[in-house]
Amino acid sequence: MTVNRPRGTRDFLPTDTARRRYVESVMRNVVRNWGYSEIITPTFEHLDLFTLKSGEGIIGELYNFTDKGGRDLTLRPELTAPVMRMYVNELQPFPKPLKLFYFENCFRYERPQKGRFREFWQFGVELIGSGRPDSDAEVIALADALLKAAGIQGDMKIGNLAVIRTLLKGLEPEIVSKVMRLVDKKEYAGLEALLEEIGAEEQLKSDIFRLIHLEGKYTLPQAKEIVGNIPELVSFEKTLKLLDAYGVNYSLDFGIARGLDYYTGMVFEVYAEGLGAQKQVCGGGSYQLIKLFGGGDVPSTGFGIGFDRIMEICPLVPPALKNLVLVSKPETHLEAAKLATTLRNYLPVHIDLMERNFKAQLTYANTINADYVVIVGEKELEAGKLTLKDMVSGEQEFLTLEEVIEKVSRN
RNA sequence: GCCGGGGUAGGGUAGAGGUUAUCCUGUGGCCCUGUGGAGGCCACGAUCCGAGUUCGAUUCUCGGUCCCGGCCCCA
């Protein structure tokens, strides 16, 4: 009987893993230079953490379970809630703003399809303690920088929920939720029907439709005409000016709605081509979640990048490491082991582990695409030297250990 | 949860209700005990799982499972 991978999980072969680790390191360098610190939260949490944030309905999409102590737990489906919990539990006294990032696996019980797995990785940032235009702009610019560093050509859309919320101020909360949902899904027919059904005024209807059809980068003045010069738009304008300064390319979209109540102002999404139906590679915004978890009224801004989706379209190739195979004879094998230890301070070194004969060791070096072979035979030991063979050119030299190190450690 | 298409060695494939299931590649070994890439030989290695129909199923039927694409959802 063979056991297979659980559905929606993946094995990463050596070359896959090397690519993923490389892109990960590129992204880590970016956030590090923006001054963000990495945190790690538990792989599983109390079920409550996520139902509190997203409602009971998400249980159907969770890998939840009861442990032997009868606790209701779940593998994490995302990391914003865990980070907020961590903040409330431990980080409240830390200097603000808190600039955090994570790179972790998450689990969702969903039907797998292109760009969607049951175990997937998220690279995310949370900036806690500032709700100002500057922090909104920084977070967007950082997302942009990360995607660019990974070689992703994305389409950045930025919206602001305050605008549509202002328009809907007079409506019942549940109606507002419904409207936001329809707006987010761009179901304009349904939206029109709903507005008709609740007897919305003509002015409101036309305002909503004008607003959600605003397109492009310079639609802020028109938004102001619709809702007036509300404070949120003044802040938003500052955010956008900063983004121009950061050199971020974006378009405005006041139709990004995000159903959930804790999104307060700025929201953004990045879409990329080549991913089929699951095109969104990044999503984020400013939110108020901390109060929900028992903390104060602390504004935050963050985003998550779908790392697996990025890997689908990322053109980055990890730099190849030069490697070396030591070829020895039975009589010189111990000496080869000693040399391996020394050479391993400089580059990856392989030594025969299968008691192969001389020729077979060279064949092995060839099949693994070794860059160098160092021959440790009787002749070499007698002369106190080594034979260095360049496997690409085929050339050989008779050198001292120091000379070998000098040559092979150059790159 | 729903719809559609799939599943033959590690990868890629051929064929077929009935003898030992084809070929390429791969891996290990040998030809070749101090010189790799070519070639030859040998070995390893598969019908996704279960039930049904049948004298006989890898092939037909059903169920499951996994993969691919889409719907729903997307915190």
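Quick note on labels: first sequence line is chain A, next is B, and so on, each numbered from 1. Quick caveat: nothing in here was measured; it's all calculated off a predicted structure.
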When all nucleic acid strands are considered with a 4.0 Å heavy-atom cut-off, which category describes [X]: base, sugar-phosphate, or nothing?
{"X": "A:K185", "value": "sugar-phosphate"}
{"X": "A:Q361", "value": "nothing"}
{"X": "A:A365", "value": "nothing"}
{"X": "A:G8", "value": "sugar-phosphate"}
{"X": "A:Y262", "value": "sugar-phosphate"}
{"X": "A:E378", "value": "base"}
{"X": "A:G276", "value": "sugar-phosphate"}
{"X": "A:Q122", "value": "nothing"}

side-chain hydrogen bond (donor to acceptor under 3.5 Å, both in side chains) partner of A:T387, chosen from A:K379, A:Q396, A:E380: A:E380
Under 3.5 Å, is there a donor-acceptor pair between the A:S130 and A:S135 side chains? yes
Looking only at the side chain of [X] (C-beta and beyond, no hydrogens), which of the listed nucleotides [options] gets closest?
{"X": "A:E78", "options": "B:rC73, B:rG37, B:rA75", "value": "B:rA75"}
{"X": "A:Q278", "options": "B:rA75, B:rU35, B:rC74", "value": "B:rC74"}
{"X": "A:F358", "options": "B:rU35, B:rG36, B:rA75", "value": "B:rU35"}
{"X": "A:K114", "options": "B:rG70, B:rC73, B:rU35", "value": "B:rG70"}
{"X": "A:R116", "options": "B:rA75, B:rC74, B:rG70", "value": "B:rC74"}

Every protein N/O lying under 3.5 Å from an N/O of nucleotides 25-32 of chain B:
from	atom 1	to	atom 2	distance (Å)
B:rG28	OP1	A:R356	NH2	2.7
B:rG29	OP1	A:R356	NE	3.4
B:rC32	O2	A:K359	NZ	3.2

Of residues 331-343 of chain A, the positions that come close to RNA chain B - non-hydrogen atoms, cut-off under 4.0 Å: none
Using only side-chain N and O atoms of A:R7, determine if any of them is under 4.0 Å from OP1 or OP2 of B:rC67. yes
Option passing salt bridge (charged side-chain N to carboxylate O under 4.0 Å, His left out) with A:D308 (candidates A:R116, A:K114, A:R20, A:R118): A:R20
Within 45 degrees of the axis of the six-membered ring of A:W121 and under 6.0 Å from its centre: does A:R309 put its NZ or CZ there? no
